[in-house]
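Reviewing the structure listed below.
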Protein chains: 2
Amino acid sequence: MSLVRRTIERYVKLTDAEWAVVAPHWQPRDFPKGAFITRTGEVEPWFSIVEQGVQRLFVEHDGSEVCVGFAYDGSWSGVYDSFVTRTPSRFAVQAVTDSRLWSIRREALYGLYDTVPAMDRWGRLILEELLIGRATREIEQLTLDAEARYRNLIRRSPHLLQLVAQKDIASYLRMTPETFSRLRARVR
Amino acid sequence: MSLVRRTIERYVKLTDAEWAVVAPHWQPRDFPKGAFITRTGEVEPWFSIVEQGVQRLFVEHDGSEVCVGFAYDGSWSGVYDSFVTRTPSRFAVQAVTDSRLWSIRREALYGLYDTVPAMDRWGRLILEELLIGRATREIEQLTLDAEARYRNLIRRSPHLLQLVAQKDIASYLRMTPETFSRLRARVR
DNA sequence: GCCGGCGCTTGATGTGGATCAAGAACCTTC
DNA sequence: GAAGGTTCTTGATCCACATCAAGCGCCGGC
């Protein structure tokens, strides 16, 4: 359980008293490989920290799927925009491997924002990090070609190639599996 | 000046005492049409609210520019990731029309986060909104073709077409000016 | 008011990556 | 361990969009 506290304390310090308020709201949730954690069209009630496993976040679009992100140990997982706006999610989240998440419900988190100021700040810092990640990804999409994006990925997250299907990586890099396969052969 | 207070109070209420603390840190900055507000490589020290004018946010990439966003009346303006991380900006911001911004420096804003809890929350709410906007834009890029993205833009922001060059809109929609021109002729 | 330049349009041509297709190497399941 | 499905690879074809090119119109500066 202290994974949650450790993760939060990467951003803000919590007193034991504050932790005592925060802790009860988090609960573990387990998903077998392949299970859907959030389906398109459902409102996302959870915000989660990944204890183990890999999940993929993707958009469905007339029959096909486009991967927009992955989550794994120590990162957060969920569909933040649906969580915040309480509108049906346009993204789906699926367990790529057996996964354990620690999750908090929306009402509980927003309650904590009101009662524990450190958590309000934590929310801000998490969002800053997410936004920076988005900006970085946008820059990559704009300034790097397919091969450079691939090289970047294997440099930053070499383990991903072992963990998730190449077709998911391909769609994450915005290309077809065929193009990805040829790229790998070429780059060797 | 009350534009700033009104804008902040769209998210959180401020007592007069809090406003008295917050207000002195905001200052107006004027830019003539064409002026750079932030250059690539500079660290962004400001977070701004637009009082008037239109600005474009773009990435430079071997000689050409790709527009990634616009800001106008009532929206915020700046390069948030450089602002937060104090690293050189990979984006540039330029005044498309004569512009007046109300701006606060990073140190001042982070000071307010510590002294005025409502501002900490404001920071979180602003970021939530920004992140939702990013998610929406990402979905659009993935699920809509060029023509649908164009229709979406003229539906949501018809005034933009009058205000900014078509080549900027074209790059915002991820196409060349030629393709955009042909699209407009075709769509009528 | 004239000149120069940039932005927009329109046409001709080229190409990177998508699509279609088929076979091989896998996991998974019974 | 055989059967069936999925994923990956490799080849052939195709096409949307980029690129190249030329002409026009508008605006700003002197």
Side-chain angles (χ1 to χ4, degrees), chain A residues 31-36 53-54 56 58-67 70 92 94-98 140-154 158-188, chain B residues 31-36 54 56 58-67 70 94-98 140-151 153-154 158 160-188:
Chain A
F31 299 89
K33 174 176 177 171
F36 277 86
V54 180
R56 70 189 183 103
F58 64 96
V59 177
E60 292 162 280
H61 178 50
D62 52 50
S64 73
E65 302 173 347
V66 182
C67 213
F70 301 97
Q94 186 179 26
V96 170
T97 64
D98 291 348
E140 278 191 12
Q141 302 279 351
L142 291 176
T143 59
L144 303 180
D145 63 13
E147 181 175 331
R149 294 202 300 275
Y150 169 60
R151 288 183 187 282
N152 238 18
L153 184 75
I154 54 181
H159 55 298
L160 261 191
L161 274 163
Q162 272 49 291
L163 295 171
V164 316
Q166 288 182 18
K167 72 185 172 64
D168 287 328
I169 304 215
S171 83
Y172 179 73
L173 296 175
R174 300 286 182 274
M175 62 185 90
T176 58
E178 292 93 330
T179 299
F180 184 69
S181 175
R182 281 185 256 261
L183 175 61
R184 295 185 69 228
R186 181 155 51 82
V187 172
R188 205 210 44 82
Chain B
F31 299 89
K33 174 177 176 170
F36 276 86
V54 179
R56 69 190 183 104
F58 64 96
V59 178
E60 292 162 280
H61 178 52
D62 53 49
S64 72
E65 302 173 346
V66 182
C67 214
F70 301 96
Q94 187 178 24
V96 170
T97 65
D98 290 349
E140 277 190 14
Q141 303 278 350
L142 292 175
T143 59
L144 303 181
D145 62 14
E147 180 176 329
R149 293 202 300 276
Y150 169 60
R151 289 182 186 282
L153 184 74
I154 53 179
L160 261 191
L161 274 164
Q162 273 49 291
L163 296 170
V164 317
Q166 290 182 19
K167 71 184 173 66
D168 288 329
I169 305 224
S171 84
Y172 179 72
L173 295 175
R174 300 287 183 276
M175 61 185 89
T176 60
E178 293 93 331
T179 300
F180 184 67
S181 174
R182 281 185 255 263
L183 175 61
R184 294 185 70 229
R186 182 155 51 80
V187 170
R188 128 167 329 272

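Chain A is the first sequence line, chain B the second, and so forth, proteins listed ahead of strands; every chain is numbered from 1.
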Arg174(B) to Val66(B) - nearest heavy-atom pair and separation:
NH1-CG1, 3.8 Å
Using the test salt bridge (charged side-chain N to carboxylate O under 4.0 Å, His left out), find all partners of Glu65(A) that sit at least two apart in sequence or belong to another chain.
Arg56(A)
Name all residues meeting the ring-ring contact (aromatic ring centres under 6.0 Å, His included) criterion together with Phe58(B); count only those two or more places apart in sequence or in a different chain, and write none if there are none.
none
Shortest non-hydrogen contact from Arg149(A) to Glu140(A)?
CD-O, 3.9 Å
Listed partners of Phe31(B) passing ring-ring contact (aromatic ring centres under 6.0 Å, His included), at least two apart
none
Produce the list of close N/O pairs, under 3.5 Å, pairing protein atoms with atoms of nucleotides 16-19 of chain D; give distances to one decimal.
| unit_1 | atom_1 | unit_2 | atom_2 | d |
| --- | --- | --- | --- | --- |
| dA18(D) | OP2 | Thr176(B) | OG1 | 3.1 |
| dA18(D) | OP2 | Thr179(B) | OG1 | 2.3 |
| dT19(D) | O4 | Arg182(B) | NH2 | 3.2 |

Which of residues 160-172 of chain A sit near DNA chain C, with a heavy atom under 4.0 Å from it?
none
Five-pair end axes of the helix from dG1(C)-dC30(D) to dC30(C)-dG1(D) and the angle they enclose, rounded to 10°
50°
When you list every nucleotide of DNA chain C with an atom under 4.0 Å from a heavy atom of chain B, which one comes first 5' to 3', and which comes last?
dG7(C) to dA12(C)
Under the ring-ring contact (aromatic ring centres under 6.0 Å, His included) rule, collect the residues that match up with His159(A), sequence neighbours excluded.
Tyr72(A)
Can you name the salt bridge (charged side-chain N to carboxylate O under 4.0 Å, His left out) partners of Glu60(A), sequence neighbours left out?
none
Taking all non-hydrogen atoms of both residues, which atom of Leu173(A) and which atom of Phe180(A) are closest, and how far apart?
CD1-CE1, 3.8 Å
With sugar-phosphate meaning primed atoms plus P, OP1 and OP2, does Lys33(B) contact a base, only sugar-phosphate, or nothing at under 4.0 Å between heavy atoms?
nothing
I'd like to check the side-chain hydrogen bond (donor to acceptor under 3.5 Å, both in side chains) partners of Gln166(A); sequence neighbours left out, ordered by chain and number.
Arg184(A)
If I compare all heavy atoms of Val59(A) with all of Leu142(B), which pair ends up nearest, and what's the gap?
CG2-CD1, 4.0 Å
Only counting residues at least two apart or in another chain, list the ones meeting side chain to side chain contact (heavy atoms under 4.5 Å, CB included) with Pro32(B).
Ala35(B), Asp98(B)
Counterpart residues, side chain to side chain contact (heavy atoms under 4.5 Å, CB included), relative to Glu178(A) (two or more places apart):
Thr176(A), Arg182(A)
